[in-house]
Amino acid sequence: MSEWRVPLSEPDYGVEEEAAVTRVLRSKWLSMGPEVQSFEKEFAEFLGVKHAVGVSSGTAALHLSYLALGLGPEDEIIQPAINFVAAANMSVAVGATPVFADIISLHEPTICPAEVERKVTPRTNAVVVMHYGGYLCRISDISEICRRHSLPLIEDACHAVGAHYRDSDQESPYRMKAGNLGDIGCFSFFSNKNLATGEGGMAVTNRDDLAERLRFLRSHGMTTLSWDRHQGDAATYDVMLHGFNYRFDEIRAALGRTQLKKLERNNQLRKQLVSLYRRELAALPGWIVPFDDAAGYGSYHLMVAVAPDEQVRGRVMKRLKEVGIQTSMHYPCLSDLKAFRRFAACDLRNSCSFSRRAITLPLYPTMTASQVEEVCSAIFSVAAQDELTEVATGSPRGDSR
Ligand SMILES: *Cc1c(COP(=O)(O)O)cnc(C)c1O
(Lines give C-alpha, C1' and ligand atoms only; values in the text may rest on other atoms or scores of the structure.)
Protein backbone atom coordinates (compact mmCIF):
# COMPACT_ATOMS: atom_id res chain seq x y z
CA MET A 1 0.00 0.00 0.00
CA SER A 2 1.13 3.57 0.58
CA GLU A 3 4.38 4.79 2.07
CA TRP A 4 2.56 6.91 4.65
CA ARG A 5 3.28 6.20 8.32
CA VAL A 6 -0.26 7.40 8.97
CA PRO A 7 -2.52 7.44 5.88
CA LEU A 8 -5.54 9.74 5.63
CA SER A 9 -7.92 6.80 5.58
CA GLU A 10 -7.91 3.05 5.21
CA PRO A 11 -10.80 0.60 4.76
CA ASP A 12 -11.43 -1.95 7.50
CA TYR A 13 -11.15 -5.07 5.38
CA GLY A 14 -10.59 -8.60 6.67
CA VAL A 15 -11.54 -12.24 6.23
CA GLU A 16 -15.27 -11.39 6.05
CA GLU A 17 -14.73 -9.33 2.91
CA GLU A 18 -12.53 -12.04 1.38
CA ALA A 19 -15.25 -14.61 2.06
CA ALA A 20 -17.91 -12.33 0.55
CA VAL A 21 -15.97 -11.88 -2.68
CA THR A 22 -15.24 -15.60 -2.93
CA ARG A 23 -18.93 -16.40 -2.42
CA VAL A 24 -19.83 -14.26 -5.43
CA LEU A 25 -17.03 -15.61 -7.63
CA ARG A 26 -18.21 -19.15 -6.94
CA SER A 27 -21.82 -18.23 -7.75
CA LYS A 28 -20.74 -17.14 -11.27
CA TRP A 29 -23.34 -14.35 -11.31
CA LEU A 30 -21.56 -11.01 -11.27
CA SER A 31 -24.02 -8.13 -11.62
CA MET A 32 -27.47 -7.10 -10.31
CA GLY A 33 -28.58 -10.35 -8.71
CA PRO A 34 -29.31 -11.69 -5.22
CA GLU A 35 -26.41 -9.87 -3.50
CA VAL A 36 -27.54 -6.48 -4.82
CA GLN A 37 -31.14 -7.27 -3.83
CA SER A 38 -30.08 -8.29 -0.32
CA PHE A 39 -27.80 -5.30 0.12
CA GLU A 40 -30.58 -2.94 -0.98
CA LYS A 41 -32.98 -4.59 1.47
CA GLU A 42 -30.51 -4.53 4.37
CA PHE A 43 -29.47 -0.94 3.67
CA ALA A 44 -33.12 0.16 3.52
CA GLU A 45 -33.81 -1.59 6.84
CA PHE A 46 -30.77 0.04 8.41
CA LEU A 47 -32.05 3.50 7.43
CA GLY A 48 -35.71 2.70 7.97
CA VAL A 49 -36.41 3.90 4.45
CA LYS A 50 -38.88 2.31 2.04
CA HIS A 51 -36.68 2.02 -1.07
CA ALA A 52 -32.94 1.70 -1.63
CA VAL A 53 -31.60 1.57 -5.19
CA GLY A 54 -28.00 0.38 -5.61
CA VAL A 55 -26.02 2.28 -8.24
CA SER A 56 -22.48 2.47 -9.55
CA SER A 57 -21.40 5.55 -7.55
CA GLY A 58 -22.53 8.40 -5.32
CA THR A 59 -22.32 10.64 -8.36
CA ALA A 60 -24.72 8.32 -10.23
CA ALA A 61 -27.10 8.47 -7.24
CA LEU A 62 -27.09 12.29 -7.41
CA HIS A 63 -27.52 12.31 -11.20
CA LEU A 64 -30.47 9.91 -11.05
CA SER A 65 -32.02 11.87 -8.16
CA TYR A 66 -32.07 15.05 -10.21
CA LEU A 67 -33.54 13.20 -13.20
CA ALA A 68 -36.11 11.34 -11.10
CA LEU A 69 -37.26 14.72 -9.76
CA GLY A 70 -37.46 16.05 -13.31
CA LEU A 71 -34.76 18.69 -12.88
CA GLY A 72 -33.36 20.13 -16.09
CA PRO A 73 -32.67 23.29 -18.09
CA GLU A 74 -34.15 26.48 -16.57
CA ASP A 75 -33.92 24.99 -13.07
CA GLU A 76 -31.74 26.32 -10.29
CA ILE A 77 -30.46 23.90 -7.66
CA ILE A 78 -29.42 25.56 -4.39
CA GLN A 79 -26.52 23.72 -2.78
CA PRO A 80 -23.59 24.29 -0.42
CA ALA A 81 -20.45 26.02 -1.76
CA ILE A 82 -18.39 23.63 0.37
CA ASN A 83 -18.98 20.17 -1.08
CA PHE A 84 -17.36 17.58 -3.29
CA VAL A 85 -17.88 18.60 -6.91
CA ALA A 86 -20.35 15.76 -7.72
CA ALA A 87 -23.62 17.52 -6.76
CA ALA A 88 -22.59 20.61 -8.74
CA ASN A 89 -21.30 18.66 -11.76
CA MET A 90 -24.51 16.65 -11.96
CA SER A 91 -26.53 19.87 -11.81
CA VAL A 92 -24.72 21.01 -14.95
CA ALA A 93 -25.06 17.51 -16.45
CA VAL A 94 -28.88 17.79 -16.39
CA GLY A 95 -28.66 21.32 -17.79
CA ALA A 96 -29.57 23.03 -14.51
CA THR A 97 -27.75 25.87 -12.77
CA PRO A 98 -26.00 25.24 -9.46
CA VAL A 99 -26.61 28.13 -7.05
CA PHE A 100 -24.04 28.11 -4.29
CA ALA A 101 -25.06 29.02 -0.76
CA ASP A 102 -22.59 29.90 1.98
CA ILE A 103 -21.88 27.69 5.00
CA ILE A 104 -23.09 28.74 8.45
CA SER A 105 -19.65 29.41 9.96
CA LEU A 106 -16.18 27.95 10.42
CA HIS A 107 -17.59 26.12 13.44
CA GLU A 108 -20.45 24.64 11.41
CA PRO A 109 -19.47 24.27 7.75
CA THR A 110 -22.86 23.08 6.47
CA ILE A 111 -25.31 24.97 4.26
CA CYS A 112 -26.80 28.03 5.98
CA PRO A 113 -30.65 28.00 6.11
CA ALA A 114 -30.87 31.80 5.88
CA GLU A 115 -28.68 31.65 2.77
CA VAL A 116 -30.99 29.07 1.19
CA GLU A 117 -34.00 31.29 1.88
CA ARG A 118 -32.19 34.29 0.39
CA LYS A 119 -31.25 32.42 -2.79
CA VAL A 120 -34.69 31.06 -3.65
CA THR A 121 -35.95 32.50 -6.97
CA PRO A 122 -38.90 31.58 -9.20
CA ARG A 123 -36.49 29.23 -11.05
CA THR A 124 -35.37 27.35 -7.94
CA ASN A 125 -36.52 23.75 -8.23
CA ALA A 126 -34.51 21.83 -5.63
CA VAL A 127 -32.24 22.17 -2.62
CA VAL A 128 -29.25 19.90 -1.97
CA VAL A 129 -27.73 19.64 1.49
CA MET A 130 -24.56 17.83 2.55
CA HIS A 131 -23.83 16.51 6.02
CA TYR A 132 -20.24 17.71 6.09
CA GLY A 133 -17.74 15.32 7.66
CA GLY A 134 -20.64 13.14 8.84
CA TYR A 135 -22.34 15.79 11.01
CA LEU A 136 -25.97 16.61 10.31
CA CYS A 137 -26.70 19.92 8.64
CA ARG A 138 -29.58 22.12 9.93
CA ILE A 139 -32.00 19.80 8.25
CA SER A 140 -35.19 20.77 10.07
CA ASP A 141 -34.77 24.48 9.20
CA ILE A 142 -34.00 23.58 5.58
CA SER A 143 -36.95 21.15 5.38
CA GLU A 144 -39.22 23.90 6.59
CA ILE A 145 -37.96 26.29 3.90
CA CYS A 146 -38.39 23.57 1.27
CA ARG A 147 -41.94 22.89 2.45
CA ARG A 148 -42.82 26.58 2.34
CA HIS A 149 -41.53 26.96 -1.22
CA SER A 150 -42.61 23.44 -2.37
CA LEU A 151 -39.04 22.46 -3.22
CA PRO A 152 -37.75 18.88 -3.19
CA LEU A 153 -34.88 18.26 -0.78
CA ILE A 154 -31.97 16.03 -1.78
CA GLU A 155 -29.44 14.88 0.78
CA ASP A 156 -25.88 14.32 -0.34
CA ALA A 157 -25.33 11.91 2.55
CA CYS A 158 -22.06 10.53 1.16
CA HIS A 159 -20.20 11.44 4.39
CA ALA A 160 -23.00 10.50 6.69
CA VAL A 161 -23.89 6.82 6.52
CA GLY A 162 -25.21 5.99 10.00
CA ALA A 163 -25.38 9.59 11.26
CA HIS A 164 -28.65 10.28 13.07
CA TYR A 165 -30.73 12.73 15.04
CA ARG A 166 -31.96 12.44 18.57
CA ASP A 167 -34.59 15.15 18.52
CA SER A 168 -37.49 14.15 20.75
CA ASP A 169 -39.96 15.72 18.35
CA GLN A 170 -39.00 13.45 15.45
CA GLU A 171 -41.85 11.05 14.83
CA SER A 172 -39.89 7.78 14.74
CA PRO A 173 -36.29 6.77 15.34
CA TYR A 174 -35.97 5.75 11.71
CA ARG A 175 -36.98 9.11 10.30
CA MET A 176 -33.92 10.46 12.11
CA LYS A 177 -31.16 8.95 9.98
CA ALA A 178 -29.15 10.99 7.47
CA GLY A 179 -30.30 10.15 3.97
CA ASN A 180 -33.85 9.56 5.21
CA LEU A 181 -34.59 13.21 6.03
CA GLY A 182 -35.49 14.58 2.59
CA ASP A 183 -37.07 13.36 -0.66
CA ILE A 184 -34.04 11.42 -1.88
CA GLY A 185 -30.80 10.55 -0.05
CA CYS A 186 -27.57 9.77 -1.90
CA PHE A 187 -24.74 7.62 -0.58
CA SER A 188 -21.29 6.72 -1.91
CA PHE A 189 -19.33 3.57 -1.18
CA PHE A 190 -16.08 4.90 -2.64
CA SER A 191 -12.91 3.44 -1.07
CA ASN A 192 -12.43 6.15 1.56
CA LYS A 193 -16.04 6.29 2.77
CA ASN A 194 -17.26 4.80 6.08
CA LEU A 195 -18.86 1.96 4.13
CA ALA A 196 -16.41 1.14 1.33
CA THR A 197 -16.81 -1.12 -1.68
CA GLY A 198 -14.28 0.55 -4.02
CA GLU A 199 -16.90 2.24 -6.18
CA GLY A 200 -20.63 2.17 -5.64
CA GLY A 201 -23.57 4.12 -4.28
CA MET A 202 -27.19 4.07 -3.21
CA ALA A 203 -30.18 6.34 -3.75
CA VAL A 204 -32.89 6.02 -1.08
CA THR A 205 -36.43 7.37 -0.90
CA ASN A 206 -39.79 6.80 0.78
CA ARG A 207 -41.68 7.81 -2.37
CA ASP A 208 -42.85 4.95 -4.62
CA ASP A 209 -42.96 7.17 -7.73
CA LEU A 210 -39.35 8.30 -7.29
CA ALA A 211 -38.14 4.77 -6.53
CA GLU A 212 -39.70 3.49 -9.72
CA ARG A 213 -38.05 6.22 -11.79
CA LEU A 214 -34.68 5.64 -10.09
CA ARG A 215 -34.84 1.93 -10.93
CA PHE A 216 -35.77 2.54 -14.55
CA LEU A 217 -33.13 5.23 -15.02
CA ARG A 218 -30.44 3.01 -13.48
CA SER A 219 -30.75 0.42 -16.24
CA HIS A 220 -31.73 2.00 -19.59
CA GLY A 221 -35.41 2.31 -18.67
CA MET A 222 -35.77 -1.44 -19.24
CA THR A 223 -38.71 -3.32 -17.77
CA THR A 224 -36.71 -6.48 -16.93
CA LEU A 225 -33.16 -7.23 -15.81
CA SER A 226 -30.81 -9.93 -17.11
CA TRP A 227 -31.34 -11.60 -13.73
CA ASP A 228 -35.11 -11.87 -14.30
CA ARG A 229 -34.48 -13.41 -17.71
CA HIS A 230 -31.86 -15.77 -16.25
CA GLN A 231 -34.45 -16.85 -13.69
CA GLY A 232 -36.88 -17.55 -16.50
CA ASP A 233 -39.23 -14.87 -15.19
CA ALA A 234 -39.11 -12.87 -18.40
CA ALA A 235 -38.04 -13.45 -21.97
CA THR A 236 -37.97 -9.93 -23.33
CA TYR A 237 -38.28 -6.33 -22.23
CA ASP A 238 -39.65 -2.94 -23.13
CA VAL A 239 -37.92 0.41 -22.63
CA MET A 240 -40.05 2.91 -20.73
CA LEU A 241 -37.72 5.92 -20.68
CA HIS A 242 -34.19 6.96 -21.64
CA GLY A 243 -31.83 5.76 -18.95
CA PHE A 244 -28.24 4.80 -18.28
CA ASN A 245 -26.11 1.92 -17.15
CA TYR A 246 -25.58 2.92 -13.51
CA ARG A 247 -26.02 -0.65 -12.22
CA PHE A 248 -24.31 -2.01 -9.13
CA ASP A 249 -22.57 -5.41 -9.15
CA GLU A 250 -22.61 -8.53 -7.04
CA ILE A 251 -19.01 -8.43 -5.80
CA ARG A 252 -19.36 -4.91 -4.46
CA ALA A 253 -22.82 -5.58 -3.05
CA ALA A 254 -21.38 -8.55 -1.13
CA LEU A 255 -18.58 -6.29 0.17
CA GLY A 256 -21.19 -3.69 1.09
CA ARG A 257 -23.18 -6.23 3.12
CA THR A 258 -20.14 -7.14 5.24
CA GLN A 259 -19.21 -3.48 5.62
CA LEU A 260 -22.76 -2.62 6.72
CA LYS A 261 -22.49 -5.19 9.53
CA LYS A 262 -19.36 -3.43 10.83
CA LEU A 263 -20.64 0.09 10.33
CA GLU A 264 -22.04 1.00 13.74
CA ARG A 265 -19.02 -0.42 15.56
CA ASN A 266 -16.63 1.35 13.20
CA ASN A 267 -18.47 4.68 13.48
CA GLN A 268 -18.17 4.32 17.25
CA LEU A 269 -14.41 3.72 16.94
CA ARG A 270 -14.17 6.83 14.77
CA LYS A 271 -16.08 8.77 17.41
CA GLN A 272 -13.57 7.80 20.12
CA LEU A 273 -10.64 8.88 17.95
CA VAL A 274 -12.38 12.18 17.22
CA SER A 275 -12.89 12.79 20.96
CA LEU A 276 -9.18 12.23 21.51
CA TYR A 277 -8.30 14.63 18.67
CA ARG A 278 -10.66 17.23 20.16
CA ARG A 279 -9.10 16.99 23.60
CA GLU A 280 -5.58 17.32 22.18
CA LEU A 281 -6.32 20.11 19.70
CA ALA A 282 -8.27 22.21 22.24
CA ALA A 283 -4.90 23.40 23.55
CA LEU A 284 -3.96 24.99 20.21
CA PRO A 285 -4.58 28.74 20.26
CA GLY A 286 -6.50 30.15 17.28
CA TRP A 287 -7.60 26.77 15.92
CA ILE A 288 -11.22 25.70 15.47
CA VAL A 289 -12.44 22.11 15.49
CA PRO A 290 -15.89 22.30 13.84
CA PHE A 291 -19.06 20.73 15.27
CA ASP A 292 -17.95 20.74 18.91
CA ASP A 293 -21.59 21.00 20.01
CA ALA A 294 -23.06 18.90 17.23
CA ALA A 295 -26.66 17.74 17.59
CA GLY A 296 -27.25 14.00 17.44
CA TYR A 297 -24.68 11.45 16.40
CA GLY A 298 -22.30 11.83 13.53
CA SER A 299 -20.72 9.18 11.37
CA TYR A 300 -17.35 10.85 12.02
CA HIS A 301 -16.28 10.53 8.40
CA LEU A 302 -13.67 13.30 8.47
CA MET A 303 -11.44 14.81 11.15
CA VAL A 304 -11.25 18.46 10.14
CA ALA A 305 -9.52 21.31 11.95
CA VAL A 306 -9.46 24.97 10.92
CA ALA A 307 -6.06 26.66 11.21
CA PRO A 308 -5.70 30.30 12.37
CA ASP A 309 -4.82 31.28 8.79
CA GLU A 310 -3.76 29.91 5.42
CA GLN A 311 -0.03 30.19 6.18
CA VAL A 312 -0.26 28.15 9.37
CA ARG A 313 -2.27 25.54 7.51
CA GLY A 314 0.39 25.37 4.82
CA ARG A 315 3.16 24.93 7.38
CA VAL A 316 1.23 22.20 9.21
CA MET A 317 0.46 20.28 6.01
CA LYS A 318 4.12 20.48 5.01
CA ARG A 319 5.39 19.30 8.39
CA LEU A 320 2.93 16.40 8.56
CA LYS A 321 3.95 15.30 5.09
CA GLU A 322 7.62 15.39 6.10
CA VAL A 323 6.95 13.00 8.98
CA GLY A 324 4.85 10.63 6.87
CA ILE A 325 1.37 11.77 7.89
CA GLN A 326 -1.09 12.21 5.03
CA THR A 327 -3.50 15.16 5.12
CA SER A 328 -6.04 16.57 2.74
CA MET A 329 -8.52 19.42 2.49
CA HIS A 330 -12.28 19.16 2.01
CA TYR A 331 -12.95 21.15 -0.13
CA PRO A 332 -11.95 24.04 -2.36
CA CYS A 333 -14.87 26.49 -2.49
CA LEU A 334 -16.85 25.34 -5.56
CA SER A 335 -17.23 28.82 -7.02
CA ASP A 336 -13.42 29.17 -7.10
CA LEU A 337 -13.02 26.17 -9.41
CA LYS A 338 -12.38 27.14 -13.02
CA ALA A 339 -15.37 25.31 -14.50
CA PHE A 340 -17.71 26.87 -11.93
CA ARG A 341 -16.56 30.49 -12.03
CA ARG A 342 -19.51 31.33 -14.29
CA PHE A 343 -21.78 30.33 -11.37
CA ALA A 344 -19.75 32.29 -8.83
CA ALA A 345 -21.48 34.29 -6.14
CA CYS A 346 -19.71 37.18 -4.45
CA ASP A 347 -21.06 36.50 -0.97
CA LEU A 348 -19.50 33.19 0.02
CA ARG A 349 -17.33 34.67 2.74
CA ASN A 350 -17.36 31.77 5.20
CA SER A 351 -16.92 29.15 2.49
CA CYS A 352 -13.89 30.96 1.05
CA SER A 353 -12.33 31.36 4.46
CA PHE A 354 -13.03 27.74 5.37
CA SER A 355 -11.48 26.40 2.17
CA ARG A 356 -8.30 28.40 2.82
CA ARG A 357 -7.92 27.31 6.44
CA ALA A 358 -9.36 23.79 6.80
CA ILE A 359 -7.15 20.74 7.01
CA THR A 360 -8.31 17.11 7.07
CA LEU A 361 -6.35 14.85 9.42
CA PRO A 362 -6.09 11.04 9.32
CA LEU A 363 -9.15 9.18 10.63
CA TYR A 364 -10.19 5.55 10.13
CA PRO A 365 -11.54 2.86 12.42
CA THR A 366 -8.31 0.85 12.59
CA MET A 367 -6.29 3.94 13.55
CA THR A 368 -4.74 3.80 17.04
CA ALA A 369 -4.82 6.36 19.84
CA SER A 370 -1.04 6.68 19.68
CA GLN A 371 -1.29 7.55 15.97
CA VAL A 372 -3.72 10.35 16.88
CA GLU A 373 -1.20 11.60 19.44
CA GLU A 374 1.56 11.41 16.85
CA VAL A 375 -0.47 13.59 14.45
CA CYS A 376 -1.29 16.10 17.19
CA SER A 377 2.29 16.41 18.44
CA ALA A 378 3.47 17.09 14.87
CA ILE A 379 0.92 19.95 14.73
CA PHE A 380 2.06 21.21 18.13
CA SER A 381 5.67 21.26 16.95
CA VAL A 382 4.69 23.68 14.17
CA ALA A 383 2.79 25.87 16.66
CA ALA A 384 5.83 25.89 18.98
CA GLN A 385 8.11 26.86 16.08
CA ASP A 386 5.72 29.68 15.15
CA GLU A 387 5.82 31.00 18.71
CA LEU A 388 9.63 31.06 18.64
CA THR A 389 9.54 32.96 15.36
CA GLU A 390 7.10 35.43 16.89
CA VAL A 391 9.41 36.04 19.86
CA ALA A 392 12.41 36.46 17.57
CA THR A 393 10.77 38.85 15.10
CA GLY A 394 8.31 40.50 17.44
CA SER A 395 5.46 39.97 15.02
CA PRO A 396 2.96 37.17 14.64
CA ARG A 397 3.21 35.15 11.45
CA GLY A 398 -0.04 35.97 9.71
CA ASP A 399 -3.14 37.18 11.41
CA SER A 400 -5.95 35.02 12.70
CA ARG A 401 -8.86 36.60 10.81
C1 LIG B 1 -17.68 10.75 -2.31
C2 LIG B 1 -18.64 11.86 -2.41
C3 LIG B 1 -19.47 12.02 -3.53
C4 LIG B 1 -19.34 11.20 -4.80
O5 LIG B 1 -19.38 9.84 -4.63
P6 LIG B 1 -18.68 8.89 -5.73
O7 LIG B 1 -19.09 7.53 -5.29
O8 LIG B 1 -17.21 9.11 -5.64
O9 LIG B 1 -19.23 9.25 -7.06
C10 LIG B 1 -20.40 13.03 -3.52
N11 LIG B 1 -20.52 13.86 -2.47
C12 LIG B 1 -19.74 13.74 -1.39
C13 LIG B 1 -19.95 14.66 -0.24
C14 LIG B 1 -18.77 12.75 -1.33
O15 LIG B 1 -17.98 12.68 -0.25
Side-chain angles (χ1 to χ4, degrees), residues 8-9 11 36 39 43 52-67 77-94 98 100-101 103 109-111 126-137 139 142 153-163 178-179 181-182 184-204 214 217-218 244-249 251-253 255-256 259 263 267 270 290-291 298-304 328-334 337 340 351 354-355 358 360 363-364:
L8 189 65
S9 79
V36 171
F39 185 39
F43 196 81
V53 180
V55 290
S56 52
S57 69
T59 304
L62 286 160
H63 191 191
L64 296 189
S65 299
Y66 296 170
L67 293 170
I77 305 177
I78 299 177
Q79 54 196 288
I82 294 293
N83 192 0
F84 181 60
V85 70
N89 262 345
M90 291 307 102
S91 306
V92 178
V94 301
F100 298 121
I103 54 171
T110 53
I111 191 166
V127 175
V128 178
V129 298
M130 199 271 277
H131 306 292
Y132 182 93
Y135 298 90
L136 290 166
C137 75
I139 191 82
I142 308 262
L153 174 57
I154 299 157
E155 288 176 270
D156 180 341
C158 292
H159 289 186
V161 62
L181 304 166
I184 304 183
C186 300
F187 292 90
S188 165
F189 308 131
F190 182 64
S191 332
N192 63 7
K193 301 291 170 21
N194 290 33
L195 192 166
T197 67
E199 301 283 356
M202 196 78 84
V204 304
L214 288 168
L217 287 164
R218 164 176 68 180
F244 303 85
N245 173 3
Y246 280 163
R247 292 185 298 266
F248 201 35
D249 66 81
I251 295 177
R252 280 177 277 205
L255 284 173
Q259 289 271 293
L263 183 72
N267 282 358
R270 288 171 176 273
F291 303 110
S299 58
Y300 309 95
H301 174 54
L302 299 177
M303 177 61 221
V304 173
S328 184
M329 59 89 64
H330 295 83
Y331 295 96
C333 184
L334 282 162
L337 302 174
F340 289 96
S351 302
F354 186 79
S355 72
T360 308
L363 180 65
Y364 46 94

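The figures here come from the full heavy-atom set of this structure, side chains too, leaving out hydrogens, waters and symmetry mates. Counting convention: from 1, in listed order, for ligands and their atoms alike.
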Is the shortest N/O to N/O distance between Glu199 and ligand 1 below 3.5 Å?
-> no
Short N/O distance, under 3.5 Å, between Gly58 and ligand 1?
-> yes
Honestly, for Phe187 the part within reach of ligand 1 (heavy atoms, under 4.0 Å) is neither
Enumerated ligand 1 atoms positioned under 4.0 Å from heavy atoms of [X]:
X: Asn83; value: 13 (C)
X: Cys158; value: 2 (C), 3 (C), 10 (C), 11 (N), 12 (C), 13 (C), 14 (C), 15 (O)
X: His159; value: 13 (C), 15 (O)
X: Ser57; value: 7 (O), 9 (O)
X: Ala86; value: 10 (C)

Approximate separation, where rounding is to 0.5 Å, of [X] [atom1] and [Y] [atom2]:
X: Leu62; Y: Ile184; atom1: CG; atom2: CD1; result: 9.5 Å
X: Tyr135; Y: Thr110; atom1: OH; atom2: OG1; result: 12.0 Å
X: Met90; Y: Ser65; atom1: CE; atom2: OG; result: 11.5 Å

Nearest protein heavy atom to [atom], by residue and atom, and its distance?
atom: atom 11 (N) of ligand 1; answer: Asp156 OD2, 2.8 Å
atom: atom 9 (O) of ligand 1; answer: Thr59 OG1, 2.5 Å
atom: atom 1 (C) of ligand 1; answer: Lys193 NZ, 1.6 Å

Only heavy atoms count here, so choose which of Ser56, Ser188, Gly198 is nearest to atom 7 (O) of ligand 1.
-> Ser188
Angle class for the Phe187/Phe43 ring planes (parallel below 30°, perpendicular above 60°, tilted otherwise)?
-> perpendicular
His63 vs Phe244 aromatic rings, parallel, tilted or perpendicular, using cut-offs 30° and 60°?
-> tilted
Identify, with sequence neighbours excluded, every residue that meets ring-ring contact (aromatic ring centres under 6.0 Å, His included) alongside His131.
-> none
Could a heavy atom of His301 be found less than 4.0 Å from some atom of ligand 1?
-> no
With Ser351, which residues qualify under side chain to side chain donor-acceptor pair (under 3.5 Å), at least two apart?
-> Asp102
Can any side-chain N or O of Gln259 pair as donor or acceptor with the backbone N or O of Leu195 at less than 3.5 Å?
-> no
Checking Ser299 side chain against His159 main chain: does a donor-acceptor pair fall under 3.5 Å?
-> yes
